[in-house]
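Here is the structure we will look at.
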Amino acid sequence: MIGTAALTTEQAQQLRERATAGAKKSALAREFGISRETVYSHLRPAAATG
């Protein structure tokens, strides 16, 4: 995936926490400098595991 910014483990955890708290996915994508699809890809494993 060319151009996709990788998140650190800490950033990914923060992203999941904020999404769970109700933050808009598009706002999180802008803040972290990633696409909305990347936001969702970070949220999928969390939803699958619990």
- Note on the structure: Partner of Gln11 under side chain to side chain contact (heavy atoms under 4.5 Å, CB included), picked from Thr9, Thr8, Leu15, is Thr8

- Qualifying residues under side-chain hydrogen bond (donor to acceptor under 3.5 Å, both in side chains), relative to Gln14, sequence neighbours excluded: none

Under 3.5 Å, sequence neighbours excluded: what are the donor-acceptor pairs made by side chains of residues 25-34?
| unit_1 | atom_1 | unit_2 | atom_2 | d |
| --- | --- | --- | --- | --- |
| Glu31 | OE1 | Arg18 | NH1 | 2.7 |
| Glu31 | OE1 | Arg18 | NH2 | 3.1 |
| Glu31 | OE2 | Arg18 | NH1 | 2.8 |

